[in-house]
Amino acid sequence: MIRERLVTKMFFFENVRLAFASLKSNKMRSILTMLGIIIGICAVITITTLGTSLKKTLANSFNKLGGQTFSVEYRFKRGSSDDDDGYSYRDMTEDDYITENMLDELEEKYPGRFLVCKSNTCGTGNVTNKKGNKLNVRIDGVSEGGMKSDSLIKMLSGRTITEEDDKLYKHAIVVSEVFVKQYFGSENANAIGCDISIDVNGACDSDFTIVGIFQYPKILEKYQQSTANFMDRFTPVYIPYNTANKLIRADERFSGEYGVDFMLNDMSVDRDQAINELDEFFSEKYRDNKYWGTEIYDPQTELGIVNKVLNIVTLVIAIIAAISLLVGGIGVMNIMLVSITERTREIGVRKALGAKRRHIKTQFIVEAIILCLVGGIIGVLLGIFNGFLIGYIARYALSQMPEYQDFVALSIQPSIKAILISLGFSMLIGVFFGSYPAGKAAKLDPIEALRYE
């Protein structure tokens with residue numbers, strides 16, 4: 001039993017060696033034969049790499065544009081009236097909105113799990129630097145969730161606005177490196193912990209302590225006049241949400257008039273589970289509301305639909321490209337028939353020495369498989385190269401449009417699944433299109449084969 005296994009193993013490796021020897025002895029013919037396989041596999045891998053990369057790029061860009069957030073929106077309860085048709089619309093009243101108390105209860109039930117994304121705009125303000133120059137700023141009030149969910153904010157040093165800043169009405173402020181250079185004269189100045197005074201809408205002066213520095217958004221640079229003085233460039237600054245409301249004397253009660261945006265503070269929590277918990281919490285709160293309820297809007301759902309469409313399109317195009325593999329398979333069959341004709345005497349000698357039909361058939365099937373597999377490997381490598389080449393071109397094009405770099409996150413990712421399937425399919429082509437020539441070789445009469453000239 002062990003001896004038979006060893007003989008079978010040696011026989012297989014001998015066939016592989018003979019197959020590679022045949023490829024080497026007819027290099028040009030082998031390359032031309034593999035050309036159809038190479039082109040087909042290359043096309044499939046290029047297309048699937050582009051499809052996978054496009055999905056990854058969309059996911060990354062989507063997350064940058066706020067795809068990590070989800071919203072609790074209001075929904076009118078149909079059929080909540082005494083009218084005959086069972087439907088009567090009623091505008092929302094103050095009692096129908098999500099309140100600060102509800103958000104506090106949510107935090108008590110799920111401590112540290114959700115961040116509320118709140119933001120408002122105080123308007124513009126002026127800051128006078130040490131040289132007496134007035135700097136233009138736009139003052140935005142944000143909660144911790146509102147700041148973390150903003151794709152334009154990339155922290156360089158320090159920290160963001162926190163929930164503690166918001167609850168305690170702290171006068172903390174996060175500024176850009178452009179503001180630091182305008183105010184201190186150098187973007188390398190140690191600005192963290194320094195105090196600045198802002199004239200808010202010409203109505204009041206207020207002092208703030210710099211707690212963080214973010215990168216000035218590139219998209220804003222596009223809208224700055226190229227001839228404008230650097231000191232005249234306006235820059236956004238961020239202060240706590242409640243502090244902003246207090247400065248502009250706005251109603252300090254939280255108003256969820258258009259719904260509330262949330263994001264996960266604890267990324268280890270399953271997103272779907274968190275959304276279900278949020279849905280159950282607000283469904284309970286609105287259970288006794290006769291007219292209005294809530295529903296969860298998750299932008300990731302839309303991304304999932306886009307990904308399904310991309311999968312279908314990629315699959316269809318890949319199948320069309322794979323048709324060329326059939327042409328390559330016919331080429332393999334043709335060259336194997338030629339090879340058998342050239343090696344008729346060799347087949348006769350092997351049969352005369354005791355080789356059985358299955359030995360001859362296996363030899364030529366293995367040769368066809370090796371031929372297709374080598375072509376498949378070359379095609380995979382060329383397909384991956386094409387994917388990265390297109391990615392390089394896309395990155396270069398994106399570098400010429402810096403204002404979009406904050407939103408687009410290119411990612412080139414070959415599909416491992418597609419690579420394995422392509423290599424497996426190329427081997428199946430070798431088996432399928434090599435079976436007929438191999439069977440023909442196995443059926444040769446040894447006496448007639450030895451007489452062949």
Side-chain angles (χ1 to χ4, degrees), residues 59 62-120 141-151 161-164 166-167 240-242 245 250-308:
F62 196 73
N63 290 335
K64 277 192 168 189
L65 293 171
Q68 291 294 338
T69 63
F70 38 89
S71 305
V72 178
E73 300 179 343
Y74 301 111
R75 174 182 56 84
F76 183 74
K77 295 180 179 178
R78 189 181 180 91
S80 307
S81 109
D82 298 328
D83 292 350
D84 293 337
D85 60 0
Y87 177 84
S88 178
Y89 181 81
R90 193 205 72 174
D91 291 331
M92 295 186 72
T93 65
E94 188 174 340
D95 294 334
D96 295 323
Y97 296 130
I98 295 173
T99 64
E100 190 76 55
N101 288 335
M102 290 183 185
L103 299 180
D104 290 340
E105 289 180 31
L106 178 67
E107 177 63 22
E108 289 178 6
K109 187 172 183 179
Y110 304 106
R113 179 165 297 185
F114 300 102
L115 287 175
V116 183
C117 304
K118 298 184 286 188
S119 64
N120 60 12
V142 292
S143 63
E144 182 178 352
M147 194 163 191
K148 287 184 175 179
S149 64
D150 192 333
S151 61
I161 300 298
T162 64
E163 289 294 302
E164 183 182 1
D166 206 23
K167 290 178 180 178
Y241 177 82
N242 289 331
N245 279 344
D251 187 351
E252 295 182 16
R253 294 176 303 168
F254 174 72
S255 174
E257 183 177 357
Y258 302 105
V260 183
D261 292 334
F262 292 88
M263 70 176 295
L264 283 176
N265 187 32
D266 183 3
M267 292 301 175
S268 63
V269 177
D270 181 72
R271 182 183 177 89
D272 292 335
Q273 175 189 340
I275 289 175
N276 288 334
E277 290 171 349
L278 204 62
D279 190 27
E280 290 174 2
F281 176 84
F282 283 104
S283 294
E284 177 66 23
K285 291 298 177 184
Y286 279 81
R287 183 182 58 183
D288 298 328
N289 191 308
K290 189 176 180 181
Y291 295 95
W292 289 94
T294 59
E295 60 185 2
I296 307 296
Y297 167 70
D298 182 11
Q300 292 289 343
T301 304
E302 296 182 1
L303 181 62
I305 295 173
V306 172
N307 283 338
K308 287 181 181 179

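- Listed by chain and residue number, Lys285 satisfy the side-chain hydrogen bond (donor to acceptor under 3.5 Å, both in side chains) test with Glu105 (two or more places apart in sequence, or in another chain).
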Q: List the steps and the verdict of side-chain contact (heavy atoms from CB on, under 4.5 Å) for Glu163 and Leu115.
A: CA-CA 9 Å; Glu163 289 294 302; Leu115 287 175; 4.1 Å; yes
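- A distance of 10.5 Å separates CG of Asn265 from CZ of Phe114, quoted to the nearest 0.5 Å.
- In this structure, Phe70 and Pro299 approach most closely via the heavy-atom pair CA-CD, 4.2 Å.
- Proximity of the aromatic rings of Tyr286 and Trp292 is defined here by a centroid distance below 6.0 angstrom, and this criterion is not met.
- Listed by chain and residue number, nothing satisfies the side-chain contact (heavy atoms from CB on, under 4.5 Å) test with Asn276 (two or more places apart in sequence, or in another chain).
- The two atoms that bring Ile161 and Met147 nearest to each other are N-SD, 3.4 Å, heavy atoms only.
- Remark: Glu164 does not engage Lys167 in a salt bridge, criterion side-chain N to carboxylate O under 4.0 Å.
- Partners of Ser71 according to the side-chain hydrogen bond (donor to acceptor under 3.5 Å, both in side chains) rule, which considers only residues two or more places apart in sequence or in another chain, are Asp261.
- The two atoms that bring Thr69 and Arg271 nearest to each other are O-NH2, 3.2 Å, heavy atoms only.
- Listed by chain and residue number, nothing satisfies the side-chain hydrogen bond (donor to acceptor under 3.5 Å, both in side chains) test with Thr301 (two or more places apart in sequence, or in another chain).
- Contact between Thr294 and Phe282 at its shortest, heavy atoms only, is OG1-CB, 3.4 Å.
- Counting heavy atoms from C-beta outward, Ile305 and Lys308 have side chains that stay 4.5 Å or more apart.
- We find the CG-CG distance between Asn242 and Asn120 to be 9.0 Å, quoted to the nearest 0.5 Å.
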(Q) As a quick check of understanding, evaluate side-chain contact (heavy atoms from CB on, under 4.5 Å) for Leu106 and Leu278, giving each step before the final call. (A) CA-CA 8 Å; Leu106 178 67; Leu278 204 62; 3.6 Å; yes
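- One side chain, Glu302 or Tyr297, offers a donor N or O that lies under 3.5 Å from an acceptor on the other.
- Here the closest non-hydrogen pair linking Cys117 and Gly145 is SG-O, 3.6 Å.
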Q: Go through the steps to decide whether Lys77 and Lys290 satisfy the test side-chain contact (heavy atoms from CB on, under 4.5 Å), and finish with yes or no.
A: CA-CA 7 Å; Lys77 295 180 179 178; Lys290 189 176 180 181; over 6 Å; no
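- Lys118 places a side-chain heavy atom less than 4.5 Å from the side chain of Asp166.
- With sequence neighbours excluded, the residues that form a side-chain contact (heavy atoms from CB on, under 4.5 Å) with Glu107 are Pro111.
- With respect to Lys109 and Glu277, no salt bridge is recorded, no charged nitrogen being found less than 4.0 Å from a carboxylate O.
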Q: Please step through side-chain contact (heavy atoms from CB on, under 4.5 Å) for the pair Ile275 and Phe262, ending with a clear verdict.
A: CA-CA 10 Å; Ile275 289 175; Phe262 292 88; over 6 Å; no
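- Annotation: side-chain contact (heavy atoms from CB on, under 4.5 Å) contacts of Asp270 (sequence neighbours excluded): Asp272, Gln273.
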